[in-house]
Amino acid sequence: MKKKLKVNITIPVYNEEKILEQSIDNLNNFLTLNFTDFEWEIVIADNASIDKTLTVAKQLQDKYEKVKVIHLDEKGRGRALKKTWLASDADIVSYMDVDLSTNLNHFPEMIRGMQKNGCDIGTGSRLMKGSRTKRSFKREFISRSYNMMIKVLFFTKFSDAQCGFKAVTRKVVDSIIKPYVEDTGWFFDSELLIIGEKLGFKILDVPVEWIEDLDTRVKIIKTATDDIKGLLRVKKNFLKGIYKIGK
């Protein structure tokens with residue numbers, strides 16, 4: 001009997017005591033019913049929360065066999081993802097936002113699509129044809145402007161760098177994330193996608209249904225500033241020839 005591939009689903013959280021239990025209940029139930037062709041685990045990565053998030057996370061770990069908890073003493077989504085993914089023994093590692101703003105039906109679609117099409121990176125897209133989104137004009141404008149900036153600087157083909165819904169193979173973790181991805185915050189996604197595509201890794205873009213979380217922890221101005229700094233750093237590194245396969 002062929003061994004099932006193992007998939008890690010990481011949920012990075014910071015002060016999410018109010019919605020964490022419901023989200024993990026929903027995710028665990030969904031995967032149990034709709035993801036039976038894979039072995040899977042859910043890892044709650046607590047980003048130095050100062051409310052009762054860690055307590056709730058540990059209760060969920062006790063409640064569900066496939067739920068684990070990792071605690072970090074420092075904030076940063078990128079930091080949480082890198083630590084969790086490097087520590088995981090899964091064949092494919094992934095993450096989604098705790099609010100489950102992306103329709104969960106797209107998750108099996110993305111993972112199976114990566115397998116079928118020989119892709120090492122899968123990413124949800126709110127900007128390509130077929131996607132359905134509900135968000136403010138401000139968020140829509142900023143997102144489209146930022147992704148256009150990426151295309152101008154790097155001539156990339158992927159459509160949405162910032163959607164909190166991604167998966168990568170173990171090869172990508174070892175070849176890109178471990179040696180090259182430096183950002184510990186929100187730019188982590190962009191850095192991963194840009195370096196991955198430019199080094200020849202095949203990316204699966206999946207149009208998704210996505211609803212904006214009005215209680216988001218994202219500070220738009222600071223995030224935008226950090227993103228621009230990150231883009232310039234990555235561009236400089238490319239010009240220096242720093243990024244290579246098999247480092």
Side-chain angles (χ1 to χ4, degrees), residues 1-13 16 19-45 60-61 63-70 77 80-81 84-85 88-134 157-173 177 188-189 192-193 196-197 201-213:
M1 185 176 179
K2 187 177 180 181
K3 183 181 178 182
K4 294 181 179 179
L5 286 181
K6 183 175 182 180
V7 180
N8 162 288
I9 304 99
T10 299
I11 309 294
V13 291
E16 298 289 0
I19 67 167
L20 180 58
E21 182 175 8
Q22 182 179 347
S23 292
I24 297 301
D25 285 346
N26 291 342
L27 178 58
N28 185 82
N29 293 339
F30 175 86
L31 294 172
T32 299
L33 293 173
N34 300 283
F35 208 51
T36 56
D37 44 338
F38 294 92
E39 181 183 350
W40 52 270
E41 65 178 7
I42 299 171
V43 179
I44 304 169
L60 290 164
Q61 180 177 240
K63 181 178 180 180
Y64 294 116
E65 179 184 355
K66 295 187 177 183
V67 173
K68 302 177 182 178
V69 178
I70 288 182
R77 183 175 72 174
L81 292 178
T84 307
W85 289 357
S88 175
D89 63 353
D91 302 291
I92 296 175
V93 294
S94 67
Y95 93 91
M96 59 183 73
D97 292 332
V98 67
D99 57 14
L100 305 183
S101 51
T102 302
N103 189 313
L104 288 176
N105 288 316
H106 297 301
F107 186 72
E109 174 190 352
M110 180 169 67
I111 301 301
R112 291 169 187 149
M114 288 173 64
Q115 280 193 300
K116 181 180 179 181
N117 295 287
C119 297
D120 284 296
I121 301 172
T123 179
S125 174
R126 301 158 298 180
L127 301 177
M128 66 188 300
K129 186 177 180 180
S131 64
R132 290 174 290 169
T133 62
K134 293 181 181 179
K157 296 179 180 178
F158 63 82
S159 60
D160 187 354
Q162 297 169 306
C163 185
F165 197 75
K166 291 181 173 62
V168 303
T169 61
R170 176 57 46 190
K171 183 178 180 182
V172 170
V173 173
I177 294 173
F188 179 94
D189 297 50
L192 164 62
L193 289 175
E197 182 177 317
F201 288 91
K202 191 175 179 181
I203 298 177
L204 177 69
D205 247 342
V206 179
V208 298
E209 179 181 359
W210 185 90
I211 299 174
E212 180 178 4
D213 175 18

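This chain uses plain numbering: 1 for the first residue, then up along the sequence.
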Next on the checklist: Under a 3.5 Å distance rule, please check whether D99 uses its side chain to pair with a backbone N or O of S101 as donor and acceptor.
Outcome noted: yes
Item to check | From CD1 (I203) to NZ (K166), nearest 0.5 Å | outcome: 9.5 Å
Checklist entry - Got a donor-acceptor contact below 3.5 angstrom from the S94 side chain to the A167 backbone? => result no
Checklist entry - Are side-chain heavy atoms of S23 and I11 found at a separation under 4.5 Å? => result no
Checklist entry - With sequence neighbours excluded, what pairs up with F107 under the ring-ring contact (aromatic ring centres under 6.0 Å, His included) test? => result F35
Checklist entry - Atom CD of Q61 and atom CD1 of I70: how far apart are they, to the nearest 0.5 Å? => result 10.0 Å
Checklist entry - Do the side chains of R112 and D37 get nearer than 4.5 Å, heavy atoms only? => result yes
Checklist entry - Which class fits the ring pair Y95 and W85: parallel under 30°, tilted 30 to 60°, perpendicular over 60°? => result tilted
Checklist entry - Going through the checks in order, is the side chain to side chain contact (heavy atoms under 4.5 Å, CB included) test met by T102 and D97? => result CA-CA 8 Å; T102 302; D97 292 332; over 6 Å; no
Checklist entry - Tell me, which pairs form a ring-ring contact (aromatic ring centres under 6.0 Å, His included) where one or both residues lie in residues 111-132, sequence neighbours left out? => result none
Item to check | Pair F165-L100, side chain to side chain contact (heavy atoms under 4.5 Å, CB included): steps then yes or no | outcome: CA-CA 9 Å; F165 197 75; L100 305 183; over 6 Å; no
Item to check | Atom pair CD1/CD1 of I9 and I44 - distance to nearest 0.5 Å | outcome: 12.0 Å
Checklist entry - Has the side chain of N34 got a donor or acceptor atom that lies under 3.5 Å from a matching backbone atom of F30? => result yes
Next on the checklist: With heavy-atom distances below 4.5 Å as the criterion, would you say the side chains of V168 and D120 are in contact?
Outcome noted: no
Checklist entry - At their closest point, which heavy atom of N117 faces which heavy atom of K202, and how far apart are they? => result O-NZ, 2.8 Å
Checklist entry - Taking the side chain as C-beta and beyond, is there a heavy-atom pair between V98 and L20 under 4.5 Å? => result yes
Item to check | Student check: side-chain heavy atoms of V172 and L192 closer than 4.5 Å | outcome: yes
Next on the checklist: Could you tell me if S125 and S159 have a donor-acceptor pair between their side chains, going purely by distance under 3.5 Å?
Outcome noted: yes
Item to check | Test applied, side chain to side chain contact (heavy atoms under 4.5 Å, CB included); reference residue, I42; option that passes from V67, T10, L60, V7 | outcome: V67
Next on the checklist: Please report the interatomic distance CG(N26) to CD(E21), rounded to the nearest 0.5 Å.
Outcome noted: 10.5 Å
Checklist entry - Passes side chain to side chain contact (heavy atoms under 4.5 Å, CB included), D89 versus R170? Steps please. => result CA-CA 9 Å; D89 63 353; R170 176 57 46 190; 5.9 Å; no
Item to check | Test item: W210 side-chain N/O and R132 main-chain N/O as donor-acceptor pair under 3.5 Å | outcome: no
Next on the checklist: Can you confirm whether more than 12 heavy atoms, excluding those of K66, are under 6.0 Å from its NZ atom?
Outcome noted: yes
Next on the checklist: Apply side chain to side chain contact (heavy atoms under 4.5 Å, CB included) to residues W40 and K4 and explain how you reach the verdict.
Outcome noted: CA-CA 9 Å; W40 52 270; K4 294 181 179 179; over 6 Å; no
Item to check | Evaluation steps, salt bridge (charged side-chain N to carboxylate O under 4.0 Å, His left out), between K157 and E197 | outcome: CA-CA 8 Å; K157 296 179 180 178; E197 182 177 317; over 6 Å; no
Checklist entry - So, do M128 and V206 sit near enough that their side-chain heavy atoms are less than 4.5 Å apart? => result no
Checklist entry - Among L81, I177, V173, which one satisfies side chain to side chain contact (heavy atoms under 4.5 Å, CB included) with V93? => result V173
Next on the checklist: Quick check: do K6 and D91 have side-chain heavy atoms less than 4.5 Å from each other?
Outcome noted: yes
Checklist entry - Which atoms form the tightest heavy-atom contact between T123 and D160, and what is the distance? => result OG1-O, 3.7 Å
Checklist entry - Would you call M110 and V208 a side-chain contact if the rule is heavy atoms closer than 4.5 Å? => result no
Checklist outcome for this item: Those residues at least two apart in sequence (or on a different chain) that pass ring-ring contact (aromatic ring centres under 6.0 Å, His included) with F201 are none
Next on the checklist: Check whether E209 reaches the backbone of N103 with its side chain - one donor and one acceptor, N or O, closer than 3.5 Å.
Outcome noted: no
Checklist entry - Looking only at side chains, do E41 and S88 share a donor and an acceptor under 3.5 Å apart? => result yes
Checklist entry - Looking at P108 and N105, what are the two nearest heavy atoms and their distance? => result CD-O, 3.5 Å
